[in-house]
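First up is the structure itself, then whatever we jot down about it.
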Amino acid sequence: MELKEVETYLKRISQDNIEFDPHFYKKIAERPINESIVRSYLSNINKLEKIEFGKEDSNRFKLWFKMSSNYSLVVIIEILIPKGLKVISAWNTNRKWQNKTISTIMRASS
């Protein structure tokens with residue numbers, strides 16, 4: 001599946017076709033997010049900033065959603081055609097930290 005197809009798929013997915021992996025529930029005990037937050041962002045594609053491929057030869061993708069000017073929500077999904085979508089994991093990340101890391105890497109490679 002191509003990245004553009006993922007965005008189209010997300011626009012059409014029904015909440016009934018979204019399931020959550022046991023790994024997701026295990027990890028959210030350590031993180032300030034929950035199932036309803038992830039469902040909300042999956043249904044609001046306007047906040048989707050970036051899509052990346054996951055593991056090779058799989059239908060896994062990393063989705064980046066803008067939460068605020070300071071935070072992004074990262075969601076790892078697996079698209080299970082024709083069943084629906086499975087959320088493998090999710091976490092929030094500080095955008096300032098990301099920007100500093102990227103600029104540090106760019107300076108180091110110059």
Closest approach of N92 and Y71, non-hydrogen atoms and distance? ND2-CD2, 4.1 Å

Check I28 against I33 and note the closest heavy-atom contact, atom names and distance. CB-O, 3.8 Å

So, for Q15 and S43, which heavy atoms are closest and what is the spacing to 0.1 Å? NE2-CB, 3.5 Å

If we ignore hydrogens and angles and just use 3.5 Å, is the side chain of R31 paired with the main-chain N or O of A90 as donor and acceptor? yes

Would a 4.5 Å heavy-atom cut-off, applied to side chains only, mark L63 and V6 as touching? yes

Nearest 0.5 Å, what's the NZ-CD1 distance between K62 and I76? 5.0 Å

Determine whether V75 and V87 make a side-chain contact, defined as any pair of heavy atoms from C-beta on separated by less than 4.5 Å. yes

Would you kindly say whether S36 and N34 are connected by a side-chain donor-acceptor distance under 3.5 Å? yes

What is the minimum heavy-atom distance between Y41 and K66, and which atoms define it? CE2-O, 3.6 Å

Please check this pair: side chain of R39 against backbone of I18, looking for a donor-acceptor N/O pair closer than 3.5 Å. yes

To the nearest 0.5 Å, atom CG of N17 lies from atom NZ of K83 at 11.5 Å

Does some side-chain heavy atom of I77 sit less than 4.5 Å from a side-chain heavy atom of R60? no

Would you please test E52 and W64 for side chain to side chain donor-acceptor pair (under 3.5 Å) and show each step? CA-CA 8 Å; E52 297 176 4; W64 296 78; 3.3 Å; yes

Give the cluster check for L80 versus I13: same hydrophobic cluster or not, with ILVMFWY residues linked at side-chain heavy-atom distances below 4.5 Å. no

Within the structure provided, determine whether F20 and I88 are in side-chain contact (heavy-atom separation under 4.5 Å). no

